[in-house]
Chemist: 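Could you have a look at this structure, given as structure tokens, before my questions?
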Amino acid sequence: MAAAQQLPASLRGALTYSIGVLALRRPFLHKVLDYEDEFFALLMLVLETHSLRNTDASFSESLYGLRRRAAKIRTKQADIRSKSNDGIQHSSLEKRQRVLSVVFLVVLPYLKSKLHSIYNKEREARLQASLWGPGDERFEDVDYFDEAEASIASRTSTETEATIRTRLAKNIQKIIGVCYPWLHATTEGLTFTYQLLYLLDATGFYSVGLHALGIHVCRATGQELMDTSSRISKIRNRERERLPGPPWLKAVQGALLKCTYAVLDYAQTGLIAAVFIFKMMEWWYQSAEERMSAPTVYPPPPPPPPPKVAKDGIPLPPDRTICPLCSQKRANPSVVTVSGFVFCYACIHKYVSQYKRCPVTLMPADIDQIRRLFHDM
């Protein structure tokens with residue numbers, strides 16, 4: 001169950017890496033990476049719908065020989081004893097459960113991914129505002145109009161609409177920035193709780209979505225695995241027989257439908273192979289032996305001791321914010337790189353230009369070795 005749950009993330013990583021490599025030679029593939037969430041959601045929508053329709057399991061669950069079964073709790077004690085010990089009757093999925101399974105497998109992860117990206121942008125904006133203060137509007141957000149082509153009234157209305165849209169988008173981003181951490185913590189907590197209870201055999205549902213749909217994930221029997229291919233062929237033959245039109249049109253539509261099914265089957269097999277190759281390469285380059293044979297990372301060495309003050313040099317004041325040359329609070333603090341002591345820029349520039357040395361340590365120095373400090377402690 002855990003491997004089936006982690007397979008879509010591995011598949012997405014493999015596809016993203018492969019498309020990124022191909023985009024180095026085919027620049028038009030960068031558009032796919034720009035809409036990565038939409039592209040992957042559309043791909044998983046096709047795969048999950050195809051898999052649930054044919055095997056009553058998701059794409060990753062069918063790979064591990066699992067099947068989804070509708071769990072109905074019986075109320076009569078006699079039926080409980082006759083059917084099962086846990087009071088649960090398993091049956092095949094209904095159409096509503098298949099549709100809702102696609103929603104839980106594709107739509108909700110897509111929405112969560114979009115909310116996560118919006119939250120990251122809002123957090124970066126807050127971090128920049130805390131570091132640099134609230135900035136003005138960016139140039140790309142400002143609309144420029146030609147006064148000769150547009151009137152003052154149309155320009156004012158357009159700017160008003162743009163301002164309203166910008167404020168609404170910012171308010172929505174702020175709401176998501178506040179609510180998303182709680183939503184994420186709640187979903188992760190529920191997921192962990194259900195998995196722990198499932199491990200302890202306290203519940204038959206592995207996740208919240210399965211519990212909401214009333215679905216159990218069970219290991220497929222040998223007979224089910226053998227009958228899957230025959231059942232899929234029967235469904236496809238029945239669909240080809242239901243095609244409308246004259247015989248020649250039915251033949252053409254049947255051939256197209258057969259090619260479509262073949263493409264889906266090959267795509268599913270190719271994606272599974274891509275995932276296993278990706279995981280194999282990841283294991284190969286990040287194996288335990290490689291980590292054990294890696295060189296030991298030692299802590300960084302301590303900084304060297306500060307240079308000593310020369311006997312004939314200018315003594316240092318007790319207050320570190322005072323310039324040793326003018327005995328005033330430093331203005332435009334600058335450091336001499338040969339010694340590390342800080343002075344006023346005007347004082348140290350004049351001194352080094354005249355004496356060609358550091359006034360404290362008397363070490364040889366030049367004007368090029370003076371550096372401006374933009375943050376003085």
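What you see is a predicted model; the values in this text were computed from it and never measured.
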Chemist: Please report the interatomic distance CD(Gln195) to CD(Gln5), rounded to the nearest 0.5 Å.
Modeler: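 So the gap between those two atoms works out to 5.0 Å.
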
Chemist: Has Lys356 got more than 12 heavy atoms of other residues, nucleotides or ligands less than 6.0 Å from its NZ?
Modeler: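 Buried by this count: over 12 neighbours within 6.0 Å.
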
Chemist: Is Arg69 close to Ile215 at the side-chain level, that is, under 4.5 Å between some pair of heavy atoms?
Modeler: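 No, too far: nothing below the 4.5 Å cut-off.
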
Chemist: Nearest 0.5 Å, what's the CG-OG distance between Leu52 and Ser101?
Modeler: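 Leu52 CG to Ser101 OG: 5.5 Å, rounded to 0.5 Å.
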
Chemist: Hey, does His50 have a side-chain heavy atom less than 4.5 Å from the side chain of Leu45?
Modeler: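 Answer no - side chains too far apart.
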
Chemist: Could you grab the distance from atom CG of Leu22 to atom OH of Tyr17, nearest 0.5 Å is fine?
Modeler: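 Between atom CG of Leu22 and atom OH of Tyr17 there are 10.5 Å.
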
Chemist: I'd like to know if the side chain of Thr16 pairs up with that of Glu36 as donor and acceptor (distance under 3.5 Å, no hydrogens or angles considered).
Modeler: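 Indeed, the side chains of Thr16 and Glu36 share at least one donor-acceptor pair under 3.5 Å.
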
Chemist: So do Leu47 and Met44 actually touch side chain to side chain, heavy atoms under 4.5 Å?
Modeler: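 Counting from C-beta outward, Met44 and Leu47 do come under 4.5 Å.
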
Chemist: Can you check whether Phe104 reaches Ser207 side chain to side chain, under 4.5 Å on heavy atoms?
Modeler: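 Side-chain contact under 4.5 Å: no.
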
Chemist: Answer with yes or no whether the hydrophobic clustering places Val21 together with Val32; edges join I, L, V, M, F, W, Y residues whose side-chain heavy atoms lie under 4.5 Å apart.
Modeler: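 No, Val21 and Val32 fall in different hydrophobic clusters.
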
Chemist: Could you tell me whether the side chain of Ile348 reaches within less than 4.5 Å of the side chain of Pro359, counting heavy atoms only?
Modeler: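 Pro359 vs Ile348: side chains touch.
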
Chemist: First locate atom CD1 of Ile176, then atom CG of Leu183, and finally report the distance between them rounded to the nearest 0.5 Å.
Modeler: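 Ile176 CD1 to Leu183 CG: 10.5 Å, rounded to 0.5 Å.
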
Chemist: Return yes if a side-chain donor-acceptor contact under 3.5 Å exists between Tyr110 and Glu38, otherwise no.
Modeler: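 The criterion, which ignores hydrogens and geometry beyond distance, is satisfied for Glu38 and Tyr110.
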
Chemist: We want to know whether Arg330 and Thr321 form a side-chain donor-acceptor pair, criterion being a heavy-atom distance below 3.5 angstrom.
Modeler: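 Short answer, no.
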
Chemist: Taking a hydrophobic cluster as the set of Ile, Leu, Val, Met, Phe, Trp and Tyr residues connected by side-chain heavy atoms closer than 4.5 Å, whether directly or through intermediates, do Leu108 and Trp182 fall within one such cluster?
Modeler: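 Leu108 does not cluster with Trp182.
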
Chemist: Are side-chain heavy atoms of Leu316 and Val360 found at a separation under 4.5 Å?
Modeler: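 Answer yes - side chains close enough.
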
Chemist: Quick one: are the ring centres of Phe39 and Tyr35 less than 6.0 Å apart?
Modeler: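 No, the ring of Phe39 stays outside the 6.0 Å limit from the ring of Tyr35, centre to centre.
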
Chemist: For Val338, does its backbone N or O pair with a side-chain atom of Gln369 as donor and acceptor, under 3.5 Å?
Modeler: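 Side chain of Gln369 to backbone of Val338: no pair is present.
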
Chemist: Test salt bridge (Lys or Arg N to Asp or Glu O under 4.0 Å) on Arg98 and Asp56 and set out the steps.
Modeler: CA-CA 8 Å; Arg98 290 193 181 96; Asp56 280 345; 2.8 Å; yes

Chemist: Salt bridge (Lys or Arg N to Asp or Glu O under 4.0 Å) between Glu188 and Lys112: does it pass, once the steps are laid out?
Modeler: CA-CA 12 Å; Glu188 292 296 324; Lys112 185 178 179 181; 3.3 Å; yes

Chemist: Would you please classify the geometry between the Tyr345 ring and the His349 ring as parallel, tilted or perpendicular, with 30° and 60° separating the classes?
Modeler: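 Aromatic pair His349/Tyr345 classed tilted.
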
Chemist: Is any side-chain heavy atom of Glu61 closer than 4.5 Å to a side-chain heavy atom of Val217?
Modeler: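 With C-beta onward as the side chain, the pair touches.
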
Chemist: Calculate, to the nearest 0.5 Å, the distance between atoms CZ and NZ belonging to Phe343 and Lys350 respectively.
Modeler: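 Between atom CZ of Phe343 and atom NZ of Lys350 there are 15.0 Å.
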
Chemist: Can a donor-acceptor pair be found, under 3.5 Å and without considering hydrogens, that links the side chain of Gln354 to the backbone of Tyr351?
Modeler: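 It does not hold such a pair.
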
Chemist: Do side-chain atoms of Ser51 reach the backbone of Ser58 as a donor and acceptor pair under 3.5 angstrom?
Modeler: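 Present.
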
Chemist: Between Leu43 and Leu105, is there a shared hydrophobic cluster once you connect ILVMFWY residues whose side-chain heavy atoms come closer than 4.5 Å?
Modeler: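 Same cluster.
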
Chemist: Are the side chains of Tyr206 and His216 in touch, meaning some heavy atoms are under 4.5 Å apart?
Modeler: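 No, too far: nothing below the 4.5 Å cut-off.
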
Chemist: Going by distance alone, is a donor N or O of one side chain under 3.5 Å from an acceptor N or O of the other, for Asp34 and His30?
Modeler: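 Their side chains do not contain a donor-acceptor pair, so the 3.5 Å distance test is not met.
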
Chemist: Can you measure from NZ (Lys114) to CG (Asp37) and round to the nearest 0.5 angstrom?
Modeler: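 Between atom NZ of Lys114 and atom CG of Asp37 there are 5.0 Å.
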
Chemist: Run the side chain to side chain contact (heavy atoms under 4.5 Å, CB included) check on Gln328 and Cys347 step by step: do they pass?
Modeler: CA-CA 11 Å; Gln328 302 292 330; Cys347 299; over 6 Å; no

Chemist: For Phe205 and His211, take the angle between the two ring planes, folded into 0 to 90°, and tell me which bin it lands in: parallel under 30, tilted 30 to 60, perpendicular over 60.
Modeler: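 Answer is parallel, since the angle falls under 30°.
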
Chemist: Same cluster or not: are Ile322 and Ile314 linked, directly or through other Ile, Leu, Val, Met, Phe, Trp or Tyr residues, by side-chain heavy atoms under 4.5 angstrom apart?
Modeler: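 Hydrophobic grouping puts Ile322 apart from Ile314.
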
Chemist: Do Tyr119 and Leu111 sit in one hydrophobic cluster, given that two such residues count as connected whenever their side-chain heavy atoms are within less than 4.5 Å of each other, even indirectly?
Modeler: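 No, Tyr119 does not connect to Leu111 through the hydrophobic network.
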
Chemist: Apply side chain to side chain donor-acceptor pair (under 3.5 Å) to the pair Arg371 and Ser334, showing each step before the final yes or no.
Modeler: CA-CA 5 Å; Arg371 296 290 183 269; Ser334 301; over 6 Å; no

